Structures are given as structure tokens and as C-alpha cells.
Amino acid sequence: MTPRVRFAPSPTGYFHVGSARTSLFNWLYARQSGGTFILRIEDTDAERGREEWLAGIITAMAWLGLSADEGPFRQSSFELRHRELAEKLYESGFLYACDCKRDQIDTRTKDRKTPGYDGYCRDRGVMRSETTGLRFRTPDLGETVVRDVIRGDVVFPHDAMEDFMAVKSSGAPLFPLANMIDDREMEITHVIRGEDLLPTAPKQILMWQALNEIDVTLDLPAYAHLPMLVNEQRKKLSKRKDPVAVESYRDKGYLPQAFVNYLSLLGWAPKGKDEILSLEQLVEQFRLEDVNHAPAFFDIAKMTHINGEYLRAMTVDAFMESAKPWVHPDEGDWVPSDHEIPWTRERFQEDRWRVIAPFVQERITMLSEVTAMIDFLFLETPRFDEAAVTKVLVNDADAVLILERAIEVFSVTDFVPEVLHAALADLSEAMGMKLRKTQAPIRVALTGTSVGPPLFESMVILGLDEVLKRLNAAVVIAQG
RNA sequence: GGUCCCAUCGUCUAGCGGCCUAGGACGCCUCCCUUUCAAGGAGGUAGCACGGGUUCGAAUCCCGUUGGGACUGCCA
């Protein structure tokens with residue numbers, strides 16, 4: 001029997017890194033086992049589910065390169081079947097009606113000092129109505145064992161399990177039931193999901209076994225509960241408090257391959273030395289059984305490093321293609337949020353970009369950094385970094401002299417990187433200064449900042465006229 | 001409170017009884033290279049939570065302690 005796995009997110013917010021990781025591990029398992037990867041949207045909570053969130057899930061998964069073999073299915077479309085089976089469960093006595101209110105339960109719980117539902121309605125023979133939900137009659141004796149591929153057998157004694165709510169008073173099954181029914185209907189063989197769902201696994205197993213008695217008999221799926229992804233406080237990543245939107249990483253210029261590669265390293269490690277692995281290599285090397293048990297911290301610094309590795313490994317053409325959203329105003333399928341491109345379309349020059357691109361490529365770790373590194377090529381006047389201007393132009397007594405001598409020298413020098421380099425080196429020596437000192441005011445004059453692509457290459461791109469114009473302007477600034 | 005999960009450098013991890021005076025990666029620090037910044041090269045910093053067992057031998061097995069976390073909703 002070929003494996004069938006599913007990723008079952010609820011569309012209650014943007015797609016976050018935890019979901020991406022769960023999705024990835026499911027996908028990897030399906031690909032390497034020749035199995036089927038199913039996408040099922042758990043949209044039964046009409047209050048919270050929204051269409052745009054669903055679109056967000058699809059878009060994010062496509063960006064990551066995780067395509068579903070079946071689906072997307074919507075759980076809401078299976079509601080009739082859920083209700084039908086819930087009804088059978090009730091008629092067979094596995095479920096019973098309960099009309100307790102939350103505060104009543106809490107009051108009794110407080111008195112007893114033992115938590116959870118106390119089974120008050122278990123044998124009261126409460127008649128069903130619009131105000132009664134259905135609870136599952138948990139066995140008093142014995143235990144339920146969750147066979148987990150990652151953690152081994154996890155034992156849940158029945159005497160500590162409460163009679164949990166399985167069906168709302170509206171008649172609609174709650175998550176544990178609906179989710180389990182869908183897994184049965186779709187013949188899911190491996191349930192790979194977050195560790196936060198481990199406590200609901202025994203409930204689902206109990207109900208699965210109940211359905212086996214009154215409906216088709218099906219083997220239980222294998223379970224694999226992935227360790228949580230946590231923040232610096234070691235708490236489960238929160239959509240509200242932590243920066244976890246996958247889309248925001250795309251907008252900052254992380255490459256999907258790098259993002260996926262990093263995600264695969266959370267809770268799992270390849271056998272070999274290399275941790276930079278393509279999706280194909282991941283499919284080949286990934287082992288569900290080898291996934292860790294301990295929670296993992298989502299470390300943006302390490303992901304950023306990996307992104308840099310991917311960026312540098314690209315061909316210049318691929319790099320330029322990937323950088324498009326941060327270079328070309330209003331071109332491409334999407335626009336990065338919170339990112340301004342300071343130049344106009346008219347001033348942008350593709351040939352200048354092409355020449356500088358290789359130098360930019362090895363200097364950045366996120367594509368969003370491209371813009372600030374090349375803007376001086378497309379702006380009438382460079383954006384001046386105040387701190388840099390103050391330090392190397394205004395406060396440096398040698399600045400004016402360096403700039404004036406440089407203007408003389410560059411005016412009669414061939415605009416070729418090596419020649420310019422030699423010319424400034426000679427000038428520096430004549431002035432008794434280090435090249436690293438003389439290049440500073442020139443760099444700020446031409447680019448506006450003290451960091452950026454190599455100076456002489458940048459000068460060649462700007463050309464003699466532009467260089468002289470900016471150097472002269474800088475002399476004025478330096479003179480105060 | 002109850003149930004369950006977890007515990008190797010700051011972080012992600014390798015390790016599944018001797019190969020470990022614990023390896024790699026990120027970060028950080030130093031140096032080299034150098035037209036800035038990166039990249040690259042060389043080196044360094046830092047860890048088996050604690051206590052008992054088991055064993056000739058324990059990071060590895062068992063128990064306990066401590067510490068984290070998840071769940072505990074007519075949300076999913």
C-alpha cells in the first residue's frame with residue numbers, strides 16, 4: 001500500500017513557518033516513498049476561515065515548490081458525511097448528549113480539584129436538543145497507545161482522559177472527529193503533524209476504533225508528531241507575536257530553495273557533512289524516523305547565512321532574474337511589501353545593472369539589499385549617508401585636497417578599473433597616504449555611502465562626466 | 001492542578017556503551033587577504049542540566065530531581 005499523507009491547515013491567518021515546515025516534511029515523505037501528498041483545508045470554522053487566507057496558503061506552497069497531488073479539498077464539503085458518522089456513533093452509544101454549561105463544569109471542577117469534564121451527563125439520559133453537544137464516552141479502564149514513528153509508543157491511561165466534546169450543539173463535529181473522519185475517508189496512512197496535536201491523538205484513535213465497529217474497518221494511520229518550532233522564549237511560535245509569515249520572508253528576499261533548505265534542518269539533520277541540499281537531495285536523504293524530539297528555535301541568522309550561500313551559488317542571470325522585484329519598479333508578478341525603489345523607471349539602465357550585478361551578488365544575504373547597493377547608479381544625486389558624509393567629507397581635513405587631486409588625475413586617466421586603481425594608488429603614494437584613506441571620500445562622493453560595490457568598477461559604470469560632477473559636488477560639501 | 005512531550009556549545013545539530021581529551025554548521029572573537037563592505041583562508045570561544053544506579057566502561061541504558069514546553073474550548 002503506497003503511503004498517503006496530508007497537510008491539513010486551517011485558513012485562520014497567513015501561512016506561517018510552522019505550517020511550511022509541516023507541509024515540507026509531509027511532502028518530502030510522500031515524494032521519497034512514491035506516495036501521495038494531499039492538501040486539505042480545514043475550513044469548518046466559518047467564523048474564522050476566510051477566502052484570502054486560503055489563497056495565501058496556495059500561493060505560499062507554490063512559492064516553496066510544494067505541490068499537492070490531490071486537492072485542495074475543503075473539509076466543509078464533507079460535513080454531511082461527518083454528521084452521518086457522528087449520528088451513528090451516537091446511536092451506538094459511543095457518544096452521549098451533554099447540556100452542561102462551561103461555568104457549571106468549572107464550578108464542579110474547582111470543588112473536586114481534579115480537572116476536565118467530570119462525566120456528569122454520562123448516564124443522565126439527557127435528550128438531544130439545540131443546546132446539547134455530544135461527548136465521547138472514554139473507557140474507564142485500560143489505555144490507548146499512540147504508535148509514533150518519531151517518538152515511539154506514547155501511552156495515555158484512560159482514567160486520566162475526560163469525556164471530551166466531539167460534536168457541537170449545531171450537530172457539526174469538532175476538529176478531532178472531523179479531522180479523523182477525513183483521514184479515514186481519504187485513506188491516509190501517515191499522519192505527520194505538529195507535536196501540539198499529540199494529546200488529541202489518543203482521542204482520535206479511540207473514535208477511529210469506535211467507527212471500525214460500526215462502519216468500515218480500517219487500519220490506524222501511523223503517527224509522526226514533529227517537534228514544535230519555538231521563539232527565543234522557547235514558546236511555540238505565535239502568529240500574533242512572532243515574525244512568522246512566510247510571505248514576509250519572500251518579501252525580504254529569501255530564496256524559496258534556501259528557505260526550504262533551512263526549514264528541513266529544524267528537527268532533522270542530513271547524514272553527510274553538507275547541509276546545503278537541494279529539494280531533490282532532501283527527498284533522497286530525509287528520514288522521518290530520524291526527526292528529533294526536542295523543539296527547535298527558528299534562527300533567522302542561520303537562515304540568512306544559508307540564503308547568502310544560495311545567492312552566491314547562482315549564475316548572474318539567475319540572480320538578476322530573482323532580484324527583479326527589488327530592481328524593476330512595477331514589473332513581475334508581485335511587489336515586495338515595505339520596500340521602496342528610489343529611482344524612476346526612466347533612469348533605470350539595464351546594462352549598468354548587469355555590470356554591477358556580480359559584485360552585488362557576493363555582497364548580500366537577502367535580495368532586498370540589492371536596491372540600496374545600486375541606487376547610486378540610477379539617481380541624479382546619490383542618497384547621502386549622513387554619518388559617512390560627516391566622517392570622511394566634513395570632519396576629515398584631507399578630504400578637499402584628496403578630492404581635488406583626484407579630479408585632476410581621473411580627468412586624464414583611462415576609465416578601466418585596473419588603470420583607475422593604479423592611478424589612485426600612485427596619487428596616494430605621492431600624497432603619503434594609504435589607498436584605503438584616499439578612496440573613502442571618493443566613494444562617499446560617488447555612491448553616498450562608505451560601503452558598497454568595488455569603487456573602480458563603479459566609476460567605470462558612471463563614466464567620466466558623472467564622476468567629475470559628483471566629485472566636484474562633494475568638494476563643496478567637504479568645504480562646509 | 002492533571003495528562004503528555006522534551007533536555008549535547010548562545011543557536012541548529014552529529015553522537016544510538018568503548019572510535020568522545022564530544023564532531024560539524026550559524027553566531028561571536030582574532031589574524032590573513034584587501035579599493036570600502038562582503039566573500040574567501042587560518043585560528044579561537046563555548047556544551048553532554050543535576051543526582052543516583054546498571055556496566056570492566058556511559059553523552060549514550062534505567063530511576064529520580066530540576067528545568068523547559070504542549071495540551072487541558074460546543075477553535076482548528
Side-chain angles (χ1 to χ4, degrees), chain A residues 8-12 42-45 47-49 75 98 100-102 109-110 113-117 131-135 146 148 151 154-157 159-162 164-176 178-179 194-202 225 227-228 230 232-236 262 265-271 273-276 292-306 308 312 359-365 373 388 392 417 420-421 424-425 428 434-440 442-444 447 449-459:
Chain A
S10 58
T12 55
E42 310 236 319
D43 60 346
T44 50
D45 188 357
E47 298 283 314
R48 296 202 297 167
Q75 182 166 67
C98 170
C100 292
K101 294 282 176 290
R102 192 68 241 169
T109 299
K110 211 188 217 167
K113 287 186 60 183
T114 44
Y117 184 68
T131 59
T132 56
L134 261 31
R135 287 183 183 276
V146 178
D148 193 288
R151 286 154 214 281
V154 183
V155 182
F156 293 84
D159 56 17
M161 282 175 71
E162 63 173 335
F164 57 89
M165 194 61 85
V167 179
K168 300 183 201 179
S169 50
S170 68
L174 281 141
F175 166 77
N179 174 268
E195 189 195 342
D196 49 343
L197 291 170
L198 186 51
T200 80
H225 289 95
M228 297 285 37
V230 299
E232 284 140 305
Q233 286 77 240
R234 295 257 127 204
K235 305 258 193 228
K236 178 174 144 179
Y262 175 65
L265 264 20
L266 292 174
W268 177 78
K271 291 289 182 205
K273 298 185 192 72
D274 207 355
E275 60 181 16
I276 302 294
N292 272 175
H293 302 179
F297 171 61
F298 184 74
D299 186 2
I300 294 170
K302 176 143 185 178
M303 180 169 76
T304 302
H305 172 264
I306 290 176
R312 273 172 262 125
F359 300 106
V360 174
Q361 187 178 356
E362 63 178 18
R363 261 158 254 264
I364 61 171
T365 52
M373 201 160 275
V392 308
L420 288 166
H421 185 181
L424 188 59
S428 303
K434 294 282 191 189
L435 184 55
R436 71 177 293 122
K437 174 169 170 63
T438 54
Q439 63 86 38
I442 297 169
R443 179 182 295 280
V444 173
T447 71
T449 77
S450 53
V451 300
L455 183 59
F456 306 113
E457 282 76 359
S458 300
M459 286 176 65

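What you are looking at is a predicted structure, and each value in this text was computed from that prediction instead of being measured. Every chain is numbered from 1 and lettered A, B, ... according to where its sequence line falls, protein lines coming before strand lines.
- Distance check, rounded to the nearest 0.5 Å: CG of A/L435 to NE2 of A/H421 gives 5.0 Å.
- Closest to the A/R234 side chain, of the nucleotides B/G69, B/A76, B/G73, is B/G69.
- Across all strands, A/T304 comes closer than 4.0 Å to no nucleic acid atom at all (heavy-atom distances).
- Listed here is the closest heavy atom pair of A/H293 and A/P227: O-CB, 3.8 Å.
- Side-chain atoms of A/R234 never come within 3.5 Å of backbone atoms of A/V230 as a donor-acceptor pair (strictly under, hydrogens ignored).
- Taking the side chain of A/E162 as heavy atoms from C-beta on, and the options B/C12, B/U72, B/C5, the nearest nucleotide is B/U72.
- Between B/C4, B/C12, B/C74, one nucleotide has an atom nearer to the side chain of A/M165 than all others, and that is B/C74.
- No side-chain heavy atom of A/N179 sits less than 4.5 Å from a side-chain heavy atom of A/L197.
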Exercise for the section: Apply side-chain contact (heavy atoms from CB on, under 4.5 Å) to the pair A/F175 and A/S10, showing each step before the final yes or no. Expected result: CA-CA 10 Å; A/F175 166 77; A/S10 58; over 6 Å; no
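- Side-chain N/O atoms of A/N292 include none lying less than 4.0 angstrom from OP1 or OP2 on B/A7.
- Regarding A/K273, its NZ atom lies at a distance of 24 Å from the P atom of B/C12, rounded to whole Å.
- Taking atom P in both B/C32 and B/G67, one finds a spacing of 48 Å when rounded to whole Å.
- Residue A/E232 contributes atom CD, which lies 16 Å from atom C1' of B/G68 at whole-angstrom precision.
- Spacing between atom CG of A/L174 and atom P of B/U72 amounts to 12 Å, rounded to whole angstrom units.
- Here A/V230 lies out of heavy-atom contact (under 4.0 Å) with every strand.
- Here, B/C50 and B/U66 have their P atoms 16 Å apart, quoted to the whole Å.
- Across all strands shown, B/A22 forms no Watson-Crick or G-U wobble pair with both key distances under 3.5 Å.
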Fill in the blank from the handout: Nucleotide by nucleotide, nucleotides 33-46 of chain B touches protein heavy atoms under 4.0 Å in the pattern (B base, S sugar-phosphate only, - none) --BBBBSS------
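- Across all strands shown, B/G43 pairs with B/C29; the Watson-Crick or G-U wobble distances both stay below 3.5 Å.
- Going from the C1' atom of B/A46 to that of B/C56 covers 33 Å, rounded to whole Å.
- A close approach under 4.0 Å does not occur between any side-chain nitrogen or oxygen of A/H293 and OP1 or OP2 of B/C5.
- Expressed to the nearest 0.5 Å, how far CG of A/L174 lies from CZ of A/R135 amounts to 10.0 Å.
- To the nearest whole angstrom, the two C1' atoms, one in B/U8 and one in B/A22, are 8 Å apart.
- Distance check on atom P: B/C33 versus B/G24 gives 26 Å, rounded to whole Å.
- The residue A/A296 sits close only to the backbone: its heavy atoms come under 4.0 Å of sugar-phosphate atoms, none of a base.
- At the phosphate of B/A76, OP1 or OP2 sits under 4.0 Å from a side-chain N or O atom of A/T44.
- A/G194 comes within 4.0 angstrom of nothing in the nucleic acid, heavy atoms only.
- B/A25 atom P lies 22 Å from atom CD1 of A/I300, rounded to whole Å.
- On the C1' atoms, B/U21 is 16 Å away from B/A58, given to the nearest whole Å.
- Closest to the side chain of A/F156, out of B/A76, B/G24, B/C4, is B/C4.
- The partner of B/C61 is B/G53, by the rule that a Watson-Crick or G-U pair needs both atom distances under 3.5 Å.
- For the C1' atoms, the distance linking B/G18 with B/G64 amounts to 27 Å, nearest Å.
- Residue-to-nucleotide proximity on RNA chain B shows that, of A/E42 and A/F297, the 5′-proximal contact is made by A/F297.
- The separation of B/C5 from B/C62, taken at their P atoms, amounts to 13 Å, rounded to a whole angstrom.
- Contact annotation: A/K302 does not reach the phosphate of B/G10 (side-chain N/O to OP1 or OP2, under 4.0 Å).
- When distances are taken from the side chain of A/Q75 to each of B/A14, B/C6, B/A76, the shortest belongs to B/A76.
- Within the 4.0 Å cut-off from OP1 or OP2 of B/G73, not a single side-chain nitrogen or oxygen of A/K168 is found.
- One atom, CZ of A/R151, and another, P of B/C71, lie 13 Å apart when rounded to the nearest Å.
- Atoms CG (A/D274) and P (B/C26) sit 11 Å apart, rounded to a whole Å.
- Under the Watson-Crick or G-U wobble criterion, with both distances below 3.5 Å, B/G67 is paired with B/C6.
- How far OG of A/S458 is from CG of A/L420: 11.0 Å, rounded to the nearest 0.5 Å.
- Considering only heavy atoms from C-beta on, A/M303 comes within 4.5 Å of A/F298 through its side chain.
- Atom CE in A/M303 sits about 15 Å away from atom P in B/U13, given to the nearest Å.
- Here the side chain of A/Y262 pairs a donor or acceptor atom with the backbone of A/D299 at under 3.5 angstrom.
- Here OG1 of A/T44 is found 4.5 Å from CD of A/Q75. Values are rounded to the nearest 0.5 Å.
- The 5' end of RNA chain B is approached more closely, in terms of each residue's nearest nucleotide, by A/E195 than by the other of A/Q233 and A/E195.
- B/C37 makes up no base pair with any nucleotide shown, lacking Watson-Crick or G-U wobble contacts both under 3.5 Å.
- Residue-level contact check: A/L420 touches neither bases nor backbone, having no heavy atom under 4.0 Å from any strand.
- Atom P of nucleotide B/C5 and atom NZ of A/K236 are separated by 18 Å, given to the nearest angstrom.
- We find the CG-NE2 distance between A/L198 and A/H225 to be 5.0 Å, quoted to the nearest 0.5 Å.
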